[in-house]
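Both backbone and side-chain heavy atoms feed into the values below; hydrogens, waters and symmetry mates do not.
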Amino acid sequence: MSIEVRLLDRGAVPPPQQVQVRDMIVFDDTLTYETNPTTADPQRAQIAETRLVLTDSRVKERARLFRELWEVSRAVGGTHEPPPHRNA
């Protein structure tokens with residue numbers, strides 16, 4: 001299992017994508033796990049809703065967003081690396 005972890009500084013996220021930043025996991029471009037917070041305050045946020053999404057168009061949208069966010073994130077060591085390549 002090759003699991004890569006990166007850090008995302010919310011300030012580095014371009015404004016159009018800042019609204020879309022949420023907790024999500026994309027599984028093999030087939031399924032997404034998404035959560036919605038109860039409040040906009042990250043210090044007080046709790047999970048209000050959790051979803052498993054199988055709708056192909058929504059999964060593709062989330063996979064695209066993930067790749068865009070990956071590009072502005074950084075490796076734990078502090079260097080930028082290209083997003084992982086997935087075969088379609």
Side-chain angles (χ1 to χ4, degrees):
M1 298 183 118
S2 296
I3 299 173
E4 297 179 53
V5 177
R6 297 181 62 93
L7 300 174
L8 180 63
D9 176 2
R10 193 171 184 92
V13 177
Q17 286 131 340
Q18 283 182 0
V19 176
Q20 300 179 55
V21 175
R22 64 178 67 201
D23 288 334
M24 70 173 176
I25 303 170
V26 179
F27 295 94
D28 298 325
D29 292 330
T30 305
L31 167 80
T32 63
Y33 168 89
E34 303 175 8
T35 64
N36 289 318
T38 57
T39 179
D41 180 1
Q43 300 298 320
R44 300 181 57 184
Q46 295 180 349
I47 296 173
E49 178 182 54
T50 301
R51 283 188 258 181
L52 292 175
V53 179
L54 293 163
T55 306
D56 189 55
S57 61
R58 176 77 172 183
V59 171
K60 285 179 180 175
E61 175 188 317
R62 288 297 175 210
R64 179 192 51 78
L65 175 61
F66 175 85
R67 286 188 294 275
E68 290 171 0
L69 294 174
W70 184 273
E71 289 181 19
V72 298
S73 68
R74 63 182 173 85
V76 176
T79 61
H80 283 277
E81 298 172 13
H85 177 42
R86 293 209 174 255
N87 294 329

Exercise. Taking the side chain as C-beta and beyond, is there a heavy-atom pair between Val53 and Glu34 under 4.5 Å?
Worked result: yes
For this session: Following the transitive rule for hydrophobic clusters with a side-chain heavy-atom cut-off under 4.5 Å over Ile, Leu, Val, Met, Phe, Trp and Tyr, establish whether Val59 and Leu69 coincide in one cluster.
Result: no
Problem set entry | Leu31 CG to Thr55 OG1 distance, which is reported to the nearest 0.5 Å | 10.5 Å
Problem set entry | Presence of salt bridge, Glu49 and Arg51, under 4.0 angstrom | yes
Problem set entry | Backbone of Thr32 reached by a side-chain donor or acceptor of Arg62 within 3.5 Å | no
Problem set entry | Note: Arg64-Glu61 ion pair, threshold 4.0 Å (strictly below) | no
Exercise. Roughly how far apart are Asp23 CG and Tyr33 OH, rounded to 0.5 Å?
Worked result: 8.0 Å
Exercise. With the 4.5 Å side-chain cut-off for hydrophobic clustering, are Leu7 and Val72 part of the same group?
Worked result: no
Exercise. Between Asp28 (side chain) and Thr30 (backbone), is there a donor-acceptor pair under 3.5 Å?
Worked result: no
